[in-house]
Amino acid sequence: MGKAALLFKDNIRVHFSACETLNQFEALKAMGVGYTLYTAYPFVERMIFDKFKSPVMTCYDWQNANPFLTPAYIIENSRRCIQDSGLFTLMFGSRKGNRDESLMNKWYDALVKFTLEYGRGATCVEVDCQKVLGVEKAWEFRQRMKKDLPNRQINVFHIEDGQRGLDRLIEFSGYIAISVPELRIAKSKTYREDTHRLACYIKNKKPGIDIHLLGCTESKMLQQNRFCTSCDSSSYLASKRYGYLKKNYIKNIFPDKVRALVGDEIFNHVLKFNSEKNTGMILLTVYDLLNRFRKYAGTQN
């Protein structure tokens with residue numbers, strides 16, 4: 001059934017996401033980030049579609065030979081790694097519209113095969129298809145995955161599950177995820193309070209359970225929910241994507257000063273896979289976020 005429950009006290013581990021893009025992961029690894037998350041989407045997509053739309057960023061010759069080895073490299077170089085199923089991208093991304101049960105069954109089968117071969121050691125997010133195939137189909141996949149994979153699994157609560165579904169999930173699971181972006185959309189004015197109330201309900205009903213907050217790295221929410229086990233963040237990519245870090249434009253961030261801050265060894269390693277400007281930006285962003293996460297979420301060691 002995987003590793004024992006993670007009974008962390010007064011801190012929530014922040015998993016840096018999008019690690020399947022290896023030039024980004026190399027920056028995280030160099031900065032000592034131990035908690036990571038990658039999506040299985042680009043790999044499973046290649047298993048079930050003749051033409052794939054999601055690229056795999058390669059940094060090493062062994063990736064060019066077999067890009068499927070990428071997750072094993074991430075897992076090996078992480079303290080704890082989460083594998084996302086890629087289902088959200090399948091349902092609502094570039095292939096949206098094709099969401100029938102046959103495709104979901106193919107995705108599940110390929111995901112299990114991929115995980116057994118390349119994802120051993122990762123904690124796996126389930127195939128939470130409630131929004132397109134209903135609650136009972138999600139339960140079918142959930143129960144199958146528990147039998148099919150030795151990996152520890154994260155089961156995801158969605159609004160569609162309702163109160164009875166939540167109680168059933170708490171009884172079944174050792175690790176539950178709350179979809180914060182979903183609550184943010186459904187209850188934009190109260191999602192922070194609703195998330196905290198939901199996490200408290202789960203923890204009070206089953207004290208030994210682990211809780212993951214999907215897409216949650218707001219400072220106040222991290223501080224308020226430090227009794228949870230984990231959360232995930234892609235915020236380290238915002239500065240690279242939009243060219244700003246705390247209102248500072250990328251042209252005003254000097255690589256030499258970042259080099260002095262993080263050291264030559266780290267800077268030169270990341271520079272192998274990124275431009276000088278992007279190296280400075282991503283390293284400075286990760287440095288800033290690690291300090292913020294330690295302050296609001298507790299130790300990240």
Side-chain angles (χ1 to χ4, degrees), residues 13-43 45 52-65 67-79 81-84 86 89 93-94 181 215-219 231-295 297 300:
R13 263 53 172 204
V14 181
H15 288 250
F16 285 67
S17 61
C19 289
E20 69 281 353
T21 305
L22 212 61
N23 65 325
Q24 296 167 176
F25 174 70
E26 288 297 336
L28 298 174
K29 178 166 71 74
M31 289 295 290
V33 171
Y35 298 90
T36 60
L37 183 150
Y38 68 89
T39 177
Y41 182 83
F43 311 103
E45 183 192 36
F52 49 85
K53 299 182 179 182
S54 183
V56 175
M57 173 68 71
T58 58
C59 293
Y60 296 104
D61 289 341
W62 55 261
Q63 278 188 295
N64 293 322
F68 283 67
L69 294 172
T70 303
Y73 178 78
I74 298 166
I75 294 165
E76 182 182 352
N77 287 281
S78 302
R79 290 192 188 95
C81 182
I82 294 174
Q83 173 185 279
D84 184 73
T89 304
S94 60
C216 173
T217 51
E218 293 182 37
S219 298
C231 65
D232 62 272
S233 169
S234 62
S235 55
Y236 74 100
L237 298 174
S239 59
K240 180 181 173 184
R241 188 174 295 144
Y242 302 115
Y244 286 90
L245 172 59
K246 292 185 174 181
K247 300 182 179 180
N248 295 299
Y249 188 49
I250 189 170
K251 289 184 178 179
N252 297 324
I253 294 176
F254 300 103
D256 286 346
K257 291 187 176 181
V258 179
R259 180 189 289 274
L261 181 69
V262 302
D264 286 338
E265 184 177 352
I266 290 175
F267 194 94
N268 289 337
H269 176 73
V270 179
L271 187 60
K272 295 176 186 176
F273 314 107
N274 298 272
S275 69
E276 187 177 54
K277 284 290 185 184
N278 280 338
T279 295
M281 180 66 89
I282 195 169
L283 287 175
L284 187 59
T285 305
V286 173
Y287 179 88
D288 177 67
L289 285 173
L290 282 174
N291 286 328
R292 181 161 68 87
F293 292 156
R294 291 187 190 105
K295 178 180 178 180
Q300 297 296 304

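In this text, all values refer to a predicted model and were calculated from it rather than measured experimentally.
Each of Leu284, Leu289, Leu290, Asp288 was evaluated against Val286; a single residue qualifies, Leu290, per the side chain to side chain contact (heavy atoms under 4.5 Å, CB included) test.
Of all non-hydrogen atoms in Asp232 and Gly215, the two that sit nearest each other are OD1-N, 3.1 Å. In plain terms, the two heavy atoms of Pro55 and Pro42 that are nearest each other are O-CB, 4.3 Å.
Residues passing the side-chain contact (heavy atoms from CB on, under 4.5 Å) test with Ala18 are Glu20, Gln24, Tyr236, Leu237, sequence neighbours excluded. A search for side chain to side chain donor-acceptor pair (under 3.5 Å) contacts involving Thr58 returns Asn64, not counting sequence neighbours. For Gln300, there are no side chain to side chain donor-acceptor pair (under 3.5 Å) partners two or more places apart in sequence or in a different chain.
The shortest distance between side-chain heavy atoms of Asp264 and Arg259 falls below 4.5 Å. Side-chain contact check for Phe267 versus Leu261: every heavy-atom pair is 4.5 Å or farther apart. Contact of the Leu283 side chain with the Val270 side chain is registered, since non-hydrogen atoms from C-beta on lie closer than 4.5 Å.
Considering NZ of Lys295 and OG of Ser219, their distance stands at 8.0 Å, rounded to 0.5 Å. Between atom CE of residue Met31 and atom CD1 of residue Ile282 there is a gap of 10.0 Å, rounded to the nearest 0.5 Å. Atom-to-atom distance recorded for Arg292:CZ and Thr285:OG1 is 11.0 Å, nearest 0.5 angstrom. Of the inter-residue distances, the one linking Leu22 atom CG with Cys59 atom SG reads 4.5 Å to the nearest 0.5 angstrom. Of the inter-residue distances, the one linking Leu28 atom CG with Thr36 atom OG1 reads 8.5 Å to the nearest 0.5 angstrom. Rounded to the nearest 0.5 angstrom, Thr279 OG1 and Phe273 CZ are separated by 10.0 Å.
Taking the ring centroids of Phe16 and Phe293, they lie under the 6.0 Å cut-off.
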Review point. Under the side chain to side chain contact (heavy atoms under 4.5 Å, CB included) criterion, do Met281 and Val258 qualify, and how do the steps go?
Key: CA-CA 8 Å; Met281 180 66 89; Val258 179; over 6 Å; no
Practice item. Apply the test side chain to side chain contact (heavy atoms under 4.5 Å, CB included) to residues Asn77 and Phe25: give CA-CA distance (whole Å), side-chain angles for both, the deciding distance (0.1 Å), then the verdict. Key: CA-CA 10 Å; Asn77 287 281; Phe25 174 70; 3.8 Å; yes
Point to revise | Trace of the side chain to side chain contact (heavy atoms under 4.5 Å, CB included) decision for Gln63 with Leu69 | key: CA-CA 7 Å; Gln63 278 188 295; Leu69 294 172; over 6 Å; no
Review point. Are Phe43 and Gln83 close enough, and set up right, to give a side chain to side chain contact (heavy atoms under 4.5 Å, CB included), and what steps lead you there?
Key: CA-CA 12 Å; Phe43 311 103; Gln83 173 185 279; over 6 Å; no
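Remark: side-chain polar atoms of Ser17 are paired, donor with acceptor, to backbone N or O of Ser233 under 3.5 angstrom. A distance-only check finds no donor-acceptor pair linking the side chain of Asp84 to the backbone of Tyr38 [under 3.5 Å]. Glu26 places no side-chain N or O within 3.5 Å of a backbone atom of His269 that could act as its donor or acceptor partner. With hydrogens and angles disregarded, no donor-acceptor distance shorter than 3.5 Å links the side chain of Glu45 to the backbone of Tyr41.
Counted within 6.0 Å of CZ on Phe68, heavy atoms from surrounding residues, nucleotides or ligands total more than 12; the atom is thus considered enclosed.
In this structure, Tyr60 and Trp62 have parallel ring planes: the angle between them is below the 30° cut-off, well short of the 60° mark.
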